[in-house]
Amino acid sequence: TPENSAKRGDLWNGENLSIVSNNEGRAPASLIRPYISRCSGVPVSQSFSFQEGRFRCEFDVQEHGESVLFVPLIQFPSGPTVSVTPGVEVFADFQSQTLLIRNGQYRGRVVAE
């Protein structure tokens with residue numbers, strides 16, 4: 001609401017549930033989450049635990065495809081740990097906070113944590 005302030009919150013039941021206050025983001029680490037942006041294959045699972053700081057996604061990649069994972073630096077300042085089937089390549093782009101996963105003639109599995 002326009003009356004929102006850091007002192008009074010958003011005036012909803014005496015609580016402050018707003019994600020923006022005074023044009024600043026509040027609790028960005030809980031809002032900015034990793035996810036599979038583009039999947040060239042079949043997703044098996046995807047989960048994120050803010051409390052543990054752990055993102056796990058698993059998918060079976062198709063031949064000659066590219067997949068993209070969004071891995072925000074706020075969650076992974078050093079980058080995630082990624083394991084892949086041989087023949088699958090992973091390229092990190094820290095500028096766009098993404099992982100590009102490229103597979104050639106092989107089918108395989110990708111797990112990112």
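- A distance of 6.0 Å separates CD1 in Ile36 from CG in Leu69, rounded to the nearest 0.5 Å.
- Between Leu99 and Val82 the shortest side-chain heavy-atom distance falls below 4.5 Å.
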Inset, instruction - Determine, stepwise, if the pair Arg38 / Glu66 fulfils side chain to side chain contact (heavy atoms under 4.5 Å, CB included). - result: CA-CA 8 Å; Arg38 186 173 66 223; Glu66 289 186 348; 3.8 Å; yes
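- Of the inter-residue distances, the one linking Arg56 atom CZ with Ser49 atom OG reads 13.5 Å to the nearest 0.5 angstrom.
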Inset, instruction - Assess whether side chain to side chain contact (heavy atoms under 4.5 Å, CB included) is satisfied between Val90 and Leu100, documenting all intermediate values. - result: CA-CA 6 Å; Val90 179; Leu100 173 65; over 6 Å; no
Inset, instruction - Go through the steps to decide whether Tyr35 and Gln46 satisfy the test side chain to side chain contact (heavy atoms under 4.5 Å, CB included), and finish with yes or no. - result: CA-CA 8 Å; Tyr35 60 89; Gln46 178 175 235; 3.9 Å; yes
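- The two residues Gln97 and Pro72 come nearest to each other via the heavy atoms OE1-CA, 3.2 Å.
- Cluster annotation: Val88 is not connected to Phe91 through the hydrophobic network of ILVMFWY side chains, with a link wherever side-chain heavy atoms come within less than 4.5 Å.
- In plain terms, the two heavy atoms of Ser67 and Phe59 that are nearest each other are OG-CE1, 3.4 Å.
- Phe94 and Val71 are members of different hydrophobic clusters when ILVMFWY side chains are connected at heavy-atom separations under 4.5 Å.
- Taking both residues in full, the closest heavy atoms of Arg33 and Phe48 are given as NH1-CD2, 3.6 Å, listed atom of the first, atom of the second, then distance.
- Residue Phe76 comes nearest to Pro34 through the heavy atom pair CE1-CG, 3.9 Å, listed as atom of the first residue, atom of the second, then distance.
- Looking at heavy atoms from C-beta onward, Val44 lies in side-chain contact with Asp60 at the 4.5 angstrom threshold.
- Ion pairing between Arg102 and Glu89 fails under the 4.0 Å rule for side-chain N and carboxylate O.
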